[in-house]
> 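One structure is given below, represented as structure tokens, and several questions about it will come after.
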Amino acid sequence: MAVEAFLNSSKLLQHWPSCLLGLLLVLAIKYVLNQRKKSSKNYSTDRDGDIETEFEEEARGDLQPALEEKPHVQFVPGQTLNPNGARRFLELVRGRRSIRSFSPLTKPSLGVIEDCIRAAGTAPSGAHTEPWTFCVVEEASVKQSVRAIVEHEEQINYNKRMHPQWVTDLRPLQTNHVKPYLTDAPYLILIFKQTYGTAKDGRRKTHYYNEISTSISAGILLCSLQAAGLSSLVTTPLNCGPALRELLGRPVNEKLLILLAVGYPTDDCKVPDLKRKRLDEILVKY
Ligand code: IYR
């Protein structure tokens, strides 16, 4: 017995290079299989992390675009060359200020607000998914509920949730948790980004770059409100998103991006004395 065991162990000793090779081969195969599994689960991971969706593993032959596939049409420019256009637009947007003192007495027509939202809806979006919802609130009781939610959370934000540096940085703007503009302004517009949608076949539809797309459309909305002669305030009520979404009965795929108050300033409306950066501070030429 002892002799046999000795012979066996000496055989093992003789063949250790091939054993090691075999072991390495098995490890290499395992590694390759693992990597393939990882990458097949995660098609959409881009290096900037801007595309958040992970796709389900599914038959590749079965895939259909969310958008209808049809021949492209001739582009007809909607604008003609206008050398003064940019300058006039600059003058328009230069005059825009965020205000916090709205007149409760004057109210623009809903038609104007609708046109501004039509303009916002022209924004480009990831794979033309148009991932935005604009909720317009004019009903006094709903504005009151919005204000109650926001003031409750902001009181916590200002008093304990946020870092003292946040409160300090906001001091020049003279803001606090009391927000009369949420009930004084004739309209509130709550802009939701749709984090995903539903395709025609009922499957979940990826809304690529939904935050960027909705932010672009919000920018267009601000400009069109300004063009309509209206004032606006952009607010990003911290920690209020879910409660406001529920108040308005919006679905779970929608997340509040920003809340606008819209209307006319009071006669005694004051704004912070702010300067904007010069062109040479924001433009880099190559
Ligand atoms: N959302 C809060 C606080 C606030 C935060 C920033 I950053 C501002 O630029 C302005 C205000 C509020 O509306 O009071």
Side-chain angles (χ1 to χ4, degrees), residues 93-104 113 116 120 132-193 195 210-212 214-226 230-248 250 254-266 268-278 281-282:
V93 292
R94 228 179 215 163
R96 188 194 168 277
R97 293 298 309 266
S98 284
I99 62 153
R100 288 184 164 77
S101 185
F102 286 86
S103 166
I113 303 291
C116 294
W132 41 66
T133 304
F134 300 89
C135 295
V136 176
V137 178
E138 55 176 320
E139 173 69 42
S141 63
V142 185
K143 285 194 285 179
Q144 188 57 59
S145 303
V146 170
R147 179 173 170 183
I149 290 170
V150 174
E151 287 188 336
H152 170 73
E153 288 297 332
E154 288 284 51
Q155 186 161 25
I156 304 172
N157 294 334
Y158 277 88
N159 293 342
K160 50 181 176 213
R161 186 151 40 210
M162 298 303 285
H163 193 280
Q165 183 65 54
W166 183 87
V167 182
T168 309
D169 285 339
L170 293 184
R171 223 161 46 211
L173 304 178
Q174 296 179 16
T175 58
N176 59 38
H177 75 277
V178 185
K179 307 199 175 294
Y181 52 80
L182 292 178
T183 41
D184 285 346
Y187 294 101
L188 303 179
I189 306 179
L190 290 91
I191 308 180
F192 290 86
K193 58 175 186 181
T195 54
N210 58 77
E211 177 152 334
I212 297 174
T214 308
S215 304
I216 295 171
S217 84
I220 296 176
L221 179 59
L222 292 184
C223 295
S224 43
L225 291 168
Q226 180 72 2
L230 295 168
S231 289
S232 59
L233 170 69
V234 178
T235 69
T236 50
L238 232 110
N239 280 294
C240 302
L244 292 174
R245 182 181 64 72
E246 272 167 34
L247 172 74
L248 302 179
R250 302 310 306 163
E254 295 187 3
K255 296 220 157 47
L256 185 69
L257 186 72
I258 47 178
L259 190 168
L260 304 183
V262 176
Y264 299 107
T266 56
D268 61 353
C269 176
K270 304 238 177 340
V271 290
D273 185 11
L274 304 178
K275 298 281 169 287
R276 292 189 168 116
K277 286 181 177 173
R278 294 185 317 271
E281 294 176 282
I282 61 171

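This is a predicted model, so every value here is computed, not measured. Note: hydrogens, waters and symmetry copies are ignored here, and every other heavy atom, side chains too, is used. In each ligand, atom 1 is the first atom listed, and ligand 1 is the first ligand listed.
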> His177: heavy atom below 4.0 Å from ligand 1, yes or no?
no
> For the atom pair NZ (Lys270) and CG (Asp268), what is the distance rounded to the nearest 0.5 Å?
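Answer rounded to 0.5 Å: 5.5 Å.
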> Give me the nearest non-hydrogen protein atom to atom 9 (O) of ligand 1 as residue plus atom name, then the distance to 0.1 Å.
Leu173 CD1, 3.6 Å
> What I want to find out is whether Lys277 reaches Glu281 closely enough, with some N-O distance under 4.0 Å, to be called a salt bridge.
no
> Only heavy atoms of Arg100, strictly under 4.0 Å: list the atoms of ligand 1 that pass.
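In order of numbering, the contacting atoms are 10 (C), 11 (C).
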> Provide the number and element of each atom of ligand 1 under 4.0 Å from a heavy atom of Asn176.
14 (O)
> Heavy-atom contacts with Trp166 under 4.0 Å: which atoms of ligand 1 show up? List them by number with element.
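Answer for ligand 1: 3 (C).
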> Do Thr175 and Tyr158 meet the criterion of a side-chain donor-acceptor pair at a distance under 3.5 Å?
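The criterion, which ignores hydrogens and geometry beyond distance, is satisfied for Tyr158 and Thr175.
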> Which pair of heavy atoms, one from Gly263 and one from Phe102, lies closest together, and at what distance?
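Reported closest heavy-atom pair: N-CE2, 3.4 Å.
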> Which residue holds the protein heavy atom closest to atom 13 (O) of ligand 1, what is that atom called, and what is the gap in Å?
Lys179 NZ, 3.3 Å
> Please report the shortest heavy-atom distance between Leu238 and Met162, naming the atom on each side.
CD2-SD, 3.6 Å
> Of the backbone atoms (N, CA, C, O) and the side-chain heavy atoms from C-beta on, which set of Glu154 has a member under 4.0 Å from an atom of ligand 1: side chain, backbone, both, or neither?
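Just the side chain.
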> Give a yes or no on whether a salt bridge exists between Lys143 and Glu138, defined as a side-chain N under 4.0 angstrom from a carboxylate O.
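A salt bridge is absent here (no side-chain N lies under 4.0 Å from a carboxylate O).
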> Where is the nearest protein heavy atom to atom 6 (C) of ligand 1: which residue, which atom, and how far?
Leu170 CD2, 3.4 Å
> Compute the minimum heavy-atom distance from Asn157 to ligand 1 and say whether it is under 4.0 Å.
no
> Identify the protein heavy atom lying closest to atom 3 (C) of ligand 1, giving its residue, its atom name and the separation to 0.1 Å.
Tyr158 OH, 3.2 Å
> Salt-bridge test for Glu151 and Lys179: reply yes if a basic N is under 4.0 Å from a carboxylate O, no otherwise.
no
